[in-house]
Amino acid sequence: MSNAKELSEKLGYQRKNFWESNPEEHDVAFTFAEGYKNFLNSAKTERETIDYYQQVLEKKGFINIDRENSGNKVYRLARHKNAAIALIGKKPVSEGVNLIVAHIDAPRVDLKQNPLYEDKTTQLGMMRTHYYGGIKKFQWVSTPLSLHGTFVKNNGEKIHLSIGEKEDDPVFVMPDLLPHLARKEQYTKKIGEAINAGKMNIVFNSIPFPQDNDKVKEAVKLNALAILNEKYDILEENFLSAELEIVPAGKARDAGIDKSMVLGYGQDDRVCAYTSAQAIFDAKNNERTAVVYLADKEEIGSEGNTGARSVFIIDFIADLLEFNKEKADSKTLRKTLLKSQILSADVNAAINPNYPSVHEKENAVHLGFGVSVTKFTGSGGKSGSNDANAEFNAKIVNIFNSEKVNWQIGALGKVDEGGGGTIAKFMAEHGAEVIDCGPGLLGMHALYELSSKADIYSSYRAYKAFFEKA
Ligand code: MN
Ligand code: MN
């Protein structure tokens, strides 16, 4: 008997490949990913995500906390960019909630508030843009793009747009420079500077409005306005009160010859939105009240009244106390938050086989090895990080072990290689225990991010175990 081998397995930490260690879960992980891909395809922006959940929540029997006063499954939506979903547990809410927070905004390119112009030299109708979040600008050129968003007319009427997703829809593009003429303009520059934000305008149209004797100056721009007015009944002024987002056109797809992965836009962090929502829908016999919070604006620092630094979720928990016929004064709310446990559900960077040097492989996330538990994020000496307490870390790991969740340790990159943060530190300000927990991605923030069906399913299992056992 090989004593050393046995001892090494017993004493050492070894992350496990889900496909090797959980063969009985292959099929269920694949099936789970089908629902996930459908979600990604119908929810490409934060507004579309909230619309999606509005429908799903009603179907699942959740009630609007502002409309009814009894039940144990409640929700609140706010500003078409936030959702809070709760499953009231057996214990009082004031014993603390188990909250999972995920963000539903993703890096993208927005239209400027006055976007439309006609390029004089080429007589092309163009749209000016302003990017949102951490994008690599060179990825966005010469690729098919779709336009999603909402116009709000001055009388409050809303007009929703989604152009470029259906088979016969037109798409848009920011044409890149041909290599033949890129020598000075691009090749002499650093990669981050080669595409200037001012050169990310999209080509919108090219046919001029039919001219009569009174020639107008910008007939191509006029034709764009005429088409928009005919189709959507809008004026140029309505762009000023619009939120229009440009995202990669097309659907999420299976990736790899074995179809074990998913390639799609906006998986940071809609993978955690979907898996945490599925977890609260399926959670049973939870002692503590379970809450899912879908936040906006994480990619620009959790700012604004729809970001995680806003009062929305705290206000919701206060209302949960009241809904559950408990005291909801400020001290009770504070104590409730202090006793709460939070998973900051966000993606992590899995080791990219093309760039292994930026990771430290023993501490980095491996694609297909399950959900990652990340004690701290940040950069340059843990700066800007919520560093989870070891006691809470151990509690979570213990639950995952006893529920046979495939999990792994996950740190973001080598020390001083770069870094980044999540919502964790903002949630921790309220005094709750917080830890980061989510799947790894390859090519995070790219137009198409790669995830593993193993990790998607493991995240769902982890979140459900957290709601039921933590
Ligand atoms: Mn994220
Ligand atoms: Mn991100």
Side-chain angles (χ1 to χ4, degrees), residues 36 39-40 43-46 49 81-83 99-110 131-137 139-140 192 245 247-248 252 262-277 292-304 306-309 313 342-350 352 358-359 364-365 367 371-379 384-386 388 410-413 417-428 434-452 455-456 459-460 462-463:
Y36 172 58
F39 162 72
L40 284 181
K44 288 188 114 170
T45 67
E46 60 280 35
T49 306
K81 295 172 186 176
N82 280 159
L99 170 71
I100 300 183
V101 53
H103 67 92
I104 56 173
D105 61 318
R108 60 174 192 259
V109 176
D110 290 339
Y131 67 96
Y132 171 97
I135 64 163
K136 285 175 154 180
K137 300 185 190 85
Q139 294 177 340
W140 286 77
E245 306 180 4
V247 300
V262 173
L263 187 72
Y265 166 71
Q267 299 197 67
D268 172 10
D269 183 31
R270 284 193 272 270
V271 64
C272 294
Y274 183 78
T275 47
S276 59
V292 167
Y293 169 30
L294 304 182
D296 178 34
K297 298 283 189 285
E298 192 276 343
E299 297 294 354
I300 57 168
S302 296
E303 314 281 356
T306 56
R309 297 159 91 165
I313 193 63
I342 301 178
L343 294 188
S344 167
D346 207 343
V347 296
N348 205 322
N352 184 328
V358 302
H359 304 277
V365 180
L367 200 76
V371 68
S372 76
V373 176
T374 302
K375 189 171 181 295
F376 56 85
T377 59
S379 58
S385 161
N386 161 65
L412 180 72
E417 195 70 45
T422 63
I423 288 173
K425 62 174 176 172
F426 304 119
M427 302 311 291
V434 187
I435 193 163
D436 281 291
C437 179
L441 296 181
L442 288 191
M444 193 199 295
H445 283 209
L447 276 68
Y448 304 100
E449 301 168 314
L450 188 67
S451 62
S452 164
D455 304 334
I456 299 164
S459 298
Y460 158 76
Y463 299 155

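Please read these numbers as outputs of a predicted model, since none were measured by experiment. Indexing begins at 1, ligand by ligand and atom by atom, following the structure's order. The first residue in the sequence is number 1, and the count goes up from there.
Under 4.0 Å is where a charged nitrogen must lie from a carboxylate oxygen, and between E449 and R270 no such pair does.
Between Y463 and C437, the shortest heavy-atom distance links the atoms OH-O, 2.7 Å. Smallest separation of non-hydrogen atoms from D105 and E299: OD2-N, 2.9 Å. In plain terms, the two heavy atoms of F376 and S385 that are nearest each other are CB-OG, 3.2 Å.
Note that the CD1 atom of I423 and the CG atom of D436 stand 9.5 Å from one another [nearest 0.5 Å].
With sequence neighbours excluded, the residues that form a salt bridge (charged side-chain N to carboxylate O under 4.0 Å, His left out) with K375 are D387.
Annotation: protein N, O or S atoms under 2.8 Å of the Mn ion (ligand 1) (waters excluded) comprise H103 NE2, D268 OD1, D346 OD1, D346 OD2.
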